[in-house]
Amino acid sequence: MSAIEKIALTKIKGIGPKYSRLMLAYFGNVADLFASSTQELKSIPGLSTSVIQQIQSKACFQEAEEELHHIEKHGIDLLWLEDKAYPQRLRHCDDAPLVLYSYGNADYNKQKVISIVGTRNATHYGKRIIDELLEGIKDLDVLVVSGLAMGVDVMAHLGSVQRNISNIAVLGHGLSRIYPAHHRDVSREIINNGALLTEFTFNTIPDKNNFPMRNRIIAGMADVTVVVEAGEKGGALITAGLANDYNRDVCAYPGAVDQLYSAGCNQLIKNNQAHLIRNSLDLLDLMQWHDIDEGKKEKGIQLALLPDLSDDQRIVHEFLRQSDEASVDEIAFHSDWPQSKLAIVLLEMEMAGHIVALPGKVYKNN
């Protein structure tokens, strides 16, 4: 099968990935599909006259040749559904794209892949969640996937770049541009230890209908989708729903009941559509990733092995481990506890020697 034939199949109007896979299953490969007779094509259930005409006229080949020119000129990798380099987790989704266009240097089939999604209006609370999460997974050779949108997405990409975590930006447009345009700089950083990935051909503009399609790739590529902050509607909830449909794990961070950008996360948890997680340790426990490498467990997850810490105390201990030291107000904001509960937890930890009180109501781990 030539690259032109593979691209040409995606240019046929009126069929999507599911029906294209049906046709491939019937004929065995793209070359035989395009060489088939009218009678053979009519034997496929539901195939319209328009699609049959497009296949036989081969008008889609001209567009495919133009696309191949862009690929060769710009050093873009073409990933076909059956290639070893194609994201194998995504391949198992029945609506996976037949062709993906990749620019950069990434292994799409690492042992551990996590998608991080959320609102475009991320708060400081969301940024702290992302920073703690990435700190907790940075030594696990994990691949991070997100959508290069404003807010949670770009924070996940930037945080991954800063920690040298391989990461993928899945685009809702072609590789001729970056959207939003002010994310060009971070996109250049991503391709040094990751890639830009899209199913859309080179000159496709960032049309609003493309982004829900993009979200299925984000969900389908990963073992787990983590929702950091999300409103009651939006792309993050679409991605979480798709991940559930693909029988993948979904996790969400809870937030205050009156916070707009925690409403979606709280709703996912309430409806049993997402596991509640509070930190990276909860994610690693859920995915059982810390059992893969005992040496890395000692480095990054030894907190989970401390038998004399309660669940509440672990939240404070982990936050102080990441922050070095923090005020009572910062700990309260992170934990979302009332002051009365926080005071008890801090007192217990101080008396047990787990934390040290500093001047100005500031605490640090002992």
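By convention here, the first residue in the shown sequence is residue 1. The figures that follow rest on heavy atoms only: side chains count, while hydrogens, waters and symmetry mates do not.
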Just wondering, are more than 12 heavy atoms of other shown residues or ligands nearer than 6.0 Å to [atom1] in [X]?
X	atom1	result
Lys127	NZ	no
Gln62	CD	no
Glu232	CD	no

Indicate yes or no: at least one non-hydrogen side-chain atom of [X] is less than 4.5 angstrom from one of [Y].
X	Y	answer
Val186	Leu158	yes
Thr225	Cys251	no
His173	Arg177	yes
Met150	His183	yes
Trp289	Val224	yes
Pro87	Arg89	no
Leu346	Val316	yes
Val152	Val227	no

Side-chain donor/acceptor pairs under 3.5 Å, residues 326-338, sequence neighbours excluded:
| from | atom 1 | to | atom 2 | distance (Å) |
| --- | --- | --- | --- | --- |
| Ser327 | OG | Glu330 | N | 3.2 |
| Glu330 | OE1 | Ser327 | N | 2.9 |
| Ser335 | OG | Ile331 | O | 2.9 |
| Ser335 | OG | Ala332 | O | 3.4 |
| Ser335 | OG | Trp337 | N | 3.4 |
| Asp336 | OD2 | Ala256 | N | 3.4 |

Report yes or no: does [X] contribute a side-chain atom to a donor-acceptor pair with the main-chain N or O of [Y] at less than 3.5 Å?
X	Y	value
Gln322	Phe319	no
Arg91	Tyr86	no
Glu5	Ser2	yes
Gln54	Cys60	no
Asp83	Ala85	no
Ser115	Ile218	yes
Asn279	Asp282	yes
Asn109	Lys84	yes

Candidate pair Asn193 and Asn164, rule side-chain contact (heavy atoms from CB on, under 4.5 Å), full reasoning: CA-CA 7 Å; Asn193 188 23; Asn164 200 33; 3.3 Å; yes
Basic-acidic side-chain contact under 4.0 Å: [X], [Y]:
X	Y	value
Glu67	Lys6	no
Lys112	Asp141	no
Arg188	Asp185	yes
Asp153	Arg120	no

Measure across [X] and [Y] and return the closest heavy-atom pair with its distance rounded to 0.1 Å.
X	Y	result
Ala222	Arg248	O-NH1, 3.0 Å
Ala195	Ser102	CB-OG, 3.9 Å
Leu41	Leu47	O-CD2, 3.4 Å
Glu132	Tyr253	OE1-OH, 4.3 Å
Arg321	Asn365	N-ND2, 3.3 Å
Gly235	Asn215	O-ND2, 3.5 Å

Derivation and outcome, side-chain contact (heavy atoms from CB on, under 4.5 Å), residues Ile7 and Leu78: CA-CA 9 Å; Ile7 299 170; Leu78 177 72; 4.2 Å; yes
Chi angles and distances behind the salt bridge (charged side-chain N to carboxylate O under 4.0 Å, His left out) call for Asp312, Arg278: CA-CA 10 Å; Asp312 289 337; Arg278 304 159 300 171; 5.3 Å; no
Identified side chain to side chain contact (heavy atoms under 4.5 Å, CB included) partner of Asp95 from the options Arg21, Met213, Arg216: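 Of the listed residues Arg21, Met213, Arg216, the side chain to side chain contact (heavy atoms under 4.5 Å, CB included) partner of Asp95 is Arg216.
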Partner of Asn210 by side chain to side chain contact (heavy atoms under 4.5 Å, CB included), out of Thr198, Thr204, Leu171, Ile205: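 With Asn210 as partner, side chain to side chain contact (heavy atoms under 4.5 Å, CB included) holds for just one option, Thr204.
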Verdict with reasoning, Val30 to Phe34, per side-chain contact (heavy atoms from CB on, under 4.5 Å): CA-CA 6 Å; Val30 181; Phe34 280 113; 3.4 Å; yes
Would you kindly say whether [X] and [Y] are connected by a side-chain donor-acceptor distance under 3.5 Å?
X	Y	answer
Ser36	Tyr26	no
His354	Asn366	no
Thr119	Glu229	no
Asp94	Tyr246	no
Asn192	Asn105	no

Out of curiosity, does [Y] fall in the hydrophobic cluster containing [X] (side-chain heavy atoms, cut-off under 4.5 Å, transitive links)?
X	Y	result
Phe200	Leu175	no
Leu268	Leu242	no
Val356	Leu347	no
Ile116	Met287	yes
Ile269	Ile315	no

Centroid separation Tyr261 to Tyr125 less than 6.0 Å: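 Not close enough - the centres of the two rings lie 6.0 Å or further apart.
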[atom1]-[atom2] distance between [X] and [Y], expressed to the nearest 0.5 angstrom:
X	Y	atom1	atom2	answer
Leu148	Arg214	CG	CZ	8.5 Å
Ile129	His124	CD1	NE2	11.0 Å
Lys73	Leu68	NZ	CG	13.5 Å
Ser160	Ile137	OG	CD1	6.5 Å

Candidate pair Asp249 and His275, rule side-chain contact (heavy atoms from CB on, under 4.5 Å), full reasoning: CA-CA 8 Å; Asp249 284 298; His275 301 278; 3.4 Å; yes
Residue pair Gln56, Thr38: steps toward the side chain to side chain donor-acceptor pair (under 3.5 Å) verdict: CA-CA 8 Å; Gln56 294 193 319; Thr38 303; 2.8 Å; yes
Ring geometry between His70 and Phe202 (parallel below 30°, tilted from 30 to 60°, perpendicular above 60°):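 Parallel, since the angle between the ring planes stays under 30°.
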